[in-house]
Amino acid sequence: MINIKTNNILFWIKNNLFNDLKGSILTVIGLYIAILIFFGLFKFIFINADWEVVIVNFRLLILGRFPIGQEWRLIPSLILSCILIGMSISIWSKLNLIKIILLILILYIIFAVFLSGFASLIIGIAIISGCLAYVLSNSYVLFKIKLNLLKKITIYGWILLLPLTLILLNINGGVGTERWGGVFLNIMLAAIGISGGIIFGPLLALGRNSNFKSIKYPCIAYIEFIRAAPLIGWLFLARFVLPTLLPSLFELNKIDIVIRAMIVLVGFSSAYIAEIVRGGLQSLPKGQREAGMALGLNEFNITWFIIIPQAIRAVIPALVSQFIALWKDTTLVYALSLTELLGAANAAVAQPDFVGKQIEVFLFIAVIFWAFSYIMSRISSKMETRLGLGKW
Amino acid sequence: MYKKLSLYISWITKTNRRRKYTINTSSISFLLIFTIYLSIRLSTLELDFNFLSQPAGFSMLNQWLTDYQSSDSRIIAYLTASFNTIRLVIIAIIFSTLIGLIIGISRLSSNWLISKMALIYINIFRNTPLLVQIVFWYIAIFLNFPNISEGKNISELIFISNRGLVIPWFNIKSQLLWIFIFGEIILITVSFLLRSFINNINNNKETKYPENILSIVFFIICSFILLFLTNISFTLDLPTLTSQGPNIFNYNGGLLMTPEFCAVLLGLSVYTGSFIAEIVRGSIQALPKGQTEAAMSVGLSNYQRLTLIILPQALRIMIPSITNQYLNVTKNSSLAVVIGYSELFLVSGIIINKAGHAVPMYFMIIVTYQCISWIISIGMNYLNKRVQLIDN
Amino acid sequence: MVNKDNNNKNITTNKKIIICENVEKWYGQFQALKGITTSIKEGEVVVIFGPSGSGKSTFIRTLNRLEPHDKGSIKIDGIEINDDVEDLEKLRSNVGMVFQQFNLFPHLTVLKNISLAPQKVKNLSKKESEGLAFELLERVGIPEQAYKFPGQLSGGQQQRVAIARALAMQPKIMLFDEPTSALDPEMIKEVLEVMTKLAKSGMTMIVVTHEMGFGKEVADRFIFFDEGLIVEEGTAKQVFNNPKEERTKLFLSQIL
């Protein structure tokens, strides 16, 4: 048995790495580069680098200037998201147990290094509740819950997560948006941008395809106008021009820059999502709408039950890649002098103790950004393979 | 009261005609109110263009081929900045295409190591936000280069320091430079027209005139005449490090590529290159496998197969998506504002700071970006038509 | 009520349920319908045939206003159809339609396909509408497919579901736009069986089709369309054995 195995490995190496002269040269060069990079990184991360800057500024990087003592507002959302992640993994993913345990161990070690005491405890509770949720939802049969019901609960849970967070942030005085910062700000901006976009985008797309010229042309104008300029242009416009345009009623023209950025993000993503959904609408055969009309369904019912579900299902890959782009675009608010993750990183480096430690901080935030995007793109490719008959 | 309202609504929606009227009138009136409100608000802002002719009062570091002083008018400042942007966009497009092609093809290599390394490249640079990459290159790399006094050089030809990269360049005496450039653009158009004119004549002739060679020769001859007329001389300029006193060093001659320019160029090229690599990979994989098999059975070498069979066909699939990426490069170039490269966004910001008139300025910005995008789209559309299969 | 047996139809009510007068329709410069005048009685089964492009599909689509007609008048059950008709949806639910391409909703189960409209338009409860759906599935012969998705069914099964879906609204009139033209030959039979059963139960049906065998069995009247006009109409005997017009003769010789 062992002989066959080694034979296979050698065979594979010969075929894939050294199959001909050119391939062999490439392999050697590639190995050399790879080893250089790998060991350079290794040396850097574990030997040369001074991670003090990240450890000391960890709170700044994650929460920005969030008022100390108000973190309790975020704990329920954190625990709920871990639970939902656990449930989602058990329902939709085929990760096996070993990979999950490894992942959790890594996460816990990282957090144990960077956090102390109470925060560490909270993270621990969150992770444990996530695992519990995973195990429990795996055994849904025992609890006599139908799979469909479990799926519905999870989806509703995800939808409710954002309103819950917003409510918690605002009750009892609340933490104003001007104090949001760090990765937390990026996440909130992305969440609101995506949610707003997915509400207004299809509306715009339907308006653009409508038969009423008085609705169609304004929608086209809006979409083309927004797409004409880069997002950073719109953000700057929101900062400099929007206050003069808004009425001084209810002090609308003095709203915080963060909220203005959110409005811009929602408006921007709606235009792009509208174009994507429009592609989906156009891919529907005309007969679907006619069948609905022939049955006597009114316009709203046809659109809501027949047209929209099919249109969105048709373009989910493009939608998710738009969401990923939106997540990456949240760094642009840095140009508005907001301390989201990039801004926090620059602030950390500007501190006199840590001048010159840019690479450590930037590597850290790059990894955080990368992790979110990578997970989202993996989810996207999973979704693509799952879209067959009926619902996921 | 609610009953009255519901009765009214059901009356309105009963017939098609009433529905059309209601929707049309309500949306038109809404638009009217919105437009009126917007016009009232906008009229409070300064909306004329006179401020453009006044002196700008700030200097720009990054310039090639232009000679802008702070006493020049603002419109000249804006034009110089647009030129900076165009230059950045063109070079970034060239680099990212090269990178994208190489990495995309490597991704499909039969050598496991090379294809995995390409995969890692794509994964890392696609999933990290562009702004983070640009700031990373800028702060962590280019600004960390040694001071000019301890700067390195490569065989006295290329100098590297934290002032930037200096390479040998042509020295252009730029009296009538704008006229020359303008004339060249007209010449290019005329050469194309000449080419299609010769094509038309060729339709009725036996021995066809070689339209490509003729128009190129025409272009070269007229360019030389233009060069002579505008008295522009090209000389090769080698950079030297001069010292004007203790600790005051300077570069003389050659071309200085500031760290800002290098950072934005590198960031844009690497980031867009990863997207183009995915597009290249996707288009090559979309080709029917029979093409590769047929090429191999005819005896073409790997390289010949790639350049003669695969790439020409893959181009057809690639070009729309790559056009999109080029347009993204144009839009993303505005991110350079964050690290202070004087492209048109930053300069507009400075002008707005000093002279107000935000709305006319933004209008100009949008128009400029649109023009650049249109030129790219038109160019790529032309390319697209040329690579289509001669089908019906 | 209507009394029917094979080829000896006794239509006891003479109520004209569809009355068309000089219906004209243009698509841009092209006139698709050049003045159609006809009427259809309750319980009657009418087969419309003719060359492609003759306006057959356009005509029956004007009957439930999937296409608006430009001139002339159409009255269904006494109600004139135009832009001012009230409750167009209610009218449409009285006129069922079966399409050539089935047009089932691919993202819903067969059961949901059938029960969706009764729930939303007639406000039946979920239980009631699903009961109705099962009844109809039995009637068309495929009750076991209720929880499958349209993509999992064969063409003939899909079209039968489409018929059940149209019947769920309990319409007075059923329109069929070339229902078997997209089916493989072995599946045409099962659909025609359902349609024959439906015709014999007294439903008013207008069928655009090339299946003359089916028509001869159940149709009360045949209408021959050509170039936007009704060229000839009459019973099977009249049209097939003694066609009056040259064009009718020509067309019949091509398809029979």
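Hydrogens, waters and symmetry mates play no part in the numbers below; they use all other heavy atoms, side chains included. Naming convention: chains lettered A, B, ... in sequence-line order (proteins, then strands); numbering from 1 in each chain.
- For Leu332(A), the parts lying near chain B are the backbone and the side chain together; criterion is any non-hydrogen pair under 4.5 Å.
- Not one N or O on the side chain of Trp112(B) forms a donor-acceptor pair closer than 3.5 Å with the backbone of Thr27(A).
- With a 4.5 Å cut-off on non-hydrogen atoms, Phe236(A) touches chain B through its backbone and its side chain both.
- Of the listed residues (Ser214(A), Gly233(A), Ala335(A)), the one with the most heavy-atom contacts under 4.5 Å to chain B is Ser214(A).
- Lys116(B) does not touch chain A: none of its heavy atoms, backbone or side chain, sits under 4.5 Å away.
- The OG atom of Ser26(B) sits 7.5 Å away from atom CD1 of Ile215(A), with the distance rounded to the nearest 0.5 Å.
- The closest donor-acceptor contact from the side chain of Lys328(A) to the backbone of Arg126(B) lies under 3.5 Å.
- Both the backbone and the side chain of Leu31(A) come within contact range of chain B, with heavy atoms under 4.5 Å apart.
- Annotation: the span from Ser373(A) atom OG to Ile124(B) atom CD1 amounts to 12.5 Å, rounded to 0.5 Å.
- Within 6.0 Å of CZ in Phe212(A) there are more than 12 heavy atoms belonging to other residues, nucleotides or ligands.
- Of the two parts of Ile114(B), only the side chain, counted from C-beta on, holds a non-hydrogen atom closer than 4.5 Å to a non-hydrogen atom of chain A.
- Within the model, atoms CD1 of Ile29(A) and CG of Leu113(B) stand 11.0 Å from one another, a figure rounded to the nearest 0.5 Å.
- The candidate from Phe369(A), Tyr374(A), Trp327(A), Trp370(A) with the greatest count of non-hydrogen atom pairs under 4.5 Å with chain B is Trp370(A).
- When Tyr369(B), Phe136(B), Phe30(B) are compared by the number of non-hydrogen pairs under 4.5 Å with chain A, Phe136(B) comes out ahead.
- Atom-to-atom distance recorded for Ile23(B):CD1 and Glu299(A):CD is 8.5 Å, nearest 0.5 angstrom.
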_One pair to check against side-chain contact (heavy atoms from CB on, under 4.5 Å): Asn346(A) and Ile139(B). What are the steps and the verdict?_
CA-CA 9 Å; Asn346(A) 273 326; Ile139(B) 293 189; 3.2 Å; yes
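- Only the backbone of Arg227(A) comes within contact range of chain B, with heavy atoms under 4.5 Å apart.
- At a 4.5 Å heavy-atom cutoff, the contact between Leu237(A) and chain B is made by backbone and side-chain atoms alike.
- The parts of Thr331(A) that come within reach of chain B are both its backbone and its side chain, each placing non-hydrogen atoms under 4.5 angstrom from that chain.
- With rounding to the nearest 0.5 angstrom, the CD1 atom of Ile368(A) is 12.0 Å from the OG1 atom of Thr128(B).
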